[in-house]
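Accompanying notes for the structure given below.
Heads up: numbering here begins at 1 and tracks the sequence. Just so it is clear, the values below take in all heavy atoms, side chains as well, and ignore hydrogens, waters and symmetry mates.
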Amino acid sequence: MPESADKNARATAHNAGQPQTRRRRDLRRPAGASPDARTGTMPAAATPNNSRTAPTRRSSWAEAAAVADAQAEAEATPEAAATTPAPVPASVPASVPAQPADQPAVQPPARPATSRRGAVPAEPSAPPSNVSRQAAKLAAADAPISDFITSPGSFVREQKPRPRGGFRGALYAMTGGAINLGPGPRQREEDELGRRISRQLQGSYNTAVLSLKGGIGKTSTTVGVGLTLAEFRGDAPCAIDANPDSGDLVERALGEGIYQQSSPRTITDLLKNIESVDSLTALARYMHHAGRLHLIAGEQDPEVSDSLTAEEYLRIRKLISGYYSVALTDCGTGVTHNAMSGILQSADNLVIAAGYAVSGAKRARSTLQWLASHGYEDLARNAIVVITDKDEVSSRVDKDAIEEHLSGICRQLIAVPHDRGVADGDLVTLDVLKPETRRAYKEIAAAIVDGYV
């Protein structure tokens, strides 16, 4: 036997009983394929892009979820599935020509049936094409944002305001809030007045309350409106007594006894030390407080009170404007005294006090005419005329005719009904006033703030 045959026989005997192994190259070779004639290796499969694969960027959870939702929605919709092109399997070469219709399609080489572990590997899913990725991105971008982000209030039922008083309030109290019919028309009007009074203001404003006749409700209106502003506004208002005839603004707000027991500092004391007042704390030593209403008392000595000049009042007004957004000035019974020019110069609107008596109505009209003829046409046109039924005039007086006579020459006319809490000339507190009187003061306060905005 030749030597080569003897060597083959010995190698066969040596390898007997050992498992037959294949080279890794042979495992990658499909069944029935022949090696390359020149190199002895299988040719590389053609791929659409022979460039080096870029590293995969890890997307965020939100992006992955958006893409997955968009793909699921596109697959669920027949129209989207029909228009979206099917992804091209990565195993099919891009250079394979189209097959004629009369010939069977060329199938790609079969994958090996076994792996190194002997189990059949799962067929990897084909990656989505660039067209499908772009469609998924567009669908995710056009997806509507959650309503909870755009309008979280849509998930909460609107709660009706609690009714106060009347049948609606009683039914709400009896059922423990289970039955809420909401506020009635009158309560809604009251709430609207409160909203107008409490509006935020940019800057400091001053309203002058004046008349040409005394005893018709000018000071009581100043106190009642000031207390109403303090009740509804977030910032405390200030009232200044600039009456040259021994004004009693603080007495009407605090009561005669309390004012006498307190430190009776007046506007004259403030003027003497105005250079040293550089804070609200320092100013508070010259103020009186009726709840949240802050007041500057007038001078009780007629000789001193009549000496207040326009320049001195403007200094007081400038100081007050740094700490208070709303100020009321009780001007007294006249428009010609020394301080009046400074008051009218710094006033943003006016409240003209009048009465249902014939003389009171005539003097209110005379006041408006005097203002219009002396360079204060805007103040007269935007004035608020307040008619107080203080003396409860007889039935011979035509109240409707008086109101019609005055309403045409001012911005608004408001009537205050007869109330013993106002007519007595003593302490004015909101708690003892009639509901109609309190509502009238709210209407005046709302009209005043309307003139600021």
Side-chain angles (χ1 to χ4, degrees), residues 204 206-227 236-278 280-291 293-324 326-347 350-351 353 367 425-428:
S204 180
N206 179 36
T207 296
V209 186
L210 56 93
S211 68
L212 293 181
K213 184 180 185 300
I216 56 176
K218 175 183 57 61
T219 302
S220 61
T221 299
T222 305
V223 175
V225 173
L227 292 174
C238 176
I240 306 172
D241 191 348
N243 192 338
D245 301 322
S246 300
D248 59 348
L249 176 67
V250 178
E251 289 92 325
R252 299 296 301 274
L254 299 179
E256 185 72 24
I258 297 178
Y259 174 68
Q260 294 298 332
Q261 295 174 5
S262 62
S263 174
R265 299 199 175 192
T266 64
I267 192 172
T268 305
D269 299 322
L270 178 58
L271 283 170
K272 291 179 181 179
N273 304 280
I274 195 170
E275 298 296 336
S276 62
V277 178
D278 56 357
L280 185 59
T281 303
L283 179 59
R285 293 197 295 266
Y286 303 92
M287 308 285 288
H288 302 270
H289 301 84
L293 175 61
H294 300 179
L295 305 104
I296 298 179
E299 186 58 55
Q300 298 299 306
D301 187 352
E303 296 181 0
V304 179
S305 62
D306 193 40
S307 63
L308 181 67
T309 64
E311 292 76 13
E312 290 174 338
Y313 175 82
L314 289 176
R315 294 179 66 190
I316 295 290
R317 176 71 190 102
K318 182 179 179 181
L319 176 65
I320 294 300
S321 64
Y323 305 102
Y324 298 91
V326 177
L328 304 176
T329 302
D330 188 3
C331 300
T333 57
V335 291
T336 57
H337 60 82
N338 297 334
M340 200 63 203
S341 60
I343 294 173
L344 294 177
Q345 179 181 342
S346 63
L350 299 177
V351 172
T367 303
D426 194 7
L427 176 66
V428 176

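For the 3.5 Å distance criterion, the side chains of Arg317 and Ser204 qualify, holding a donor opposite an acceptor.
Nearest heavy atom pair, residue Gly217 against residue Thr221, reads O-OG1, 2.5 Å. When all heavy atoms are compared, the tightest approach of Leu227 to Ala290 is CD2-O, 3.7 Å. Contact detail for Tyr323 and Leu283: the closest heavy-atom pair is CD1-CD2, 3.9 Å. Considering all non-hydrogen atoms of both residues, Ala253 and Leu295 come closest at CB-CD2, 3.8 Å. Among all heavy-atom pairs drawn from Arg265 and Asp269, the shortest one is CA-OD2, 3.3 Å. Across all their heavy atoms, His288 and Leu254 have their closest contact at CB-CD1, 3.9 Å.
In this structure, CG on Asp330 lies 8.5 Å from OG on Ser211, to the nearest 0.5 angstrom. Leu328 contributes atom CG, which lies 8.5 Å from atom SG of Cys238 (distance to the nearest 0.5 angstrom). How far CD1 of Ile240 is from CD1 of Ile343: 8.5 Å, rounded to the nearest 0.5 Å. Atom OG1 in Thr329 sits 11.5 Å away from atom CG in Asn243 (nearest 0.5 Å). The structure places OH of Tyr324 at 3.5 Å from CE of Met287, a figure rounded to the nearest 0.5 Å. Atom CG of residue Leu270 and atom CG of residue Leu319 lie 6.0 Å apart, to the nearest 0.5 angstrom.
Between the His337 side chain and the Cys331 main chain, a donor and an acceptor come within less than 3.5 Å of each other.
Side-chain contact between Ile316 and Ile274 is present, with at least one heavy-atom pair separated by less than 4.5 Å. Put simply, the side chain of Arg315 reaches to within 4.5 Å of the side chain of Glu275, judged on heavy atoms. Contact annotation: the side chain of Tyr286 never approaches that of Leu271 to less than 4.5 Å [non-hydrogen atoms, C-beta and beyond]. Contact of the Leu210 side chain with the Leu344 side chain is registered, since non-hydrogen atoms from C-beta on lie closer than 4.5 Å. Taking 4.5 Å as the limit, every side-chain heavy atom of Ile296 sits out of range of all side-chain heavy atoms of Leu249. Counting heavy atoms from C-beta outward, Thr219 and Asp248 have side chains that approach closer than 4.5 Å.
With sequence neighbours excluded, the residues satisfying side chain to side chain contact (heavy atoms under 4.5 Å, CB included) with Leu427 are Thr429.
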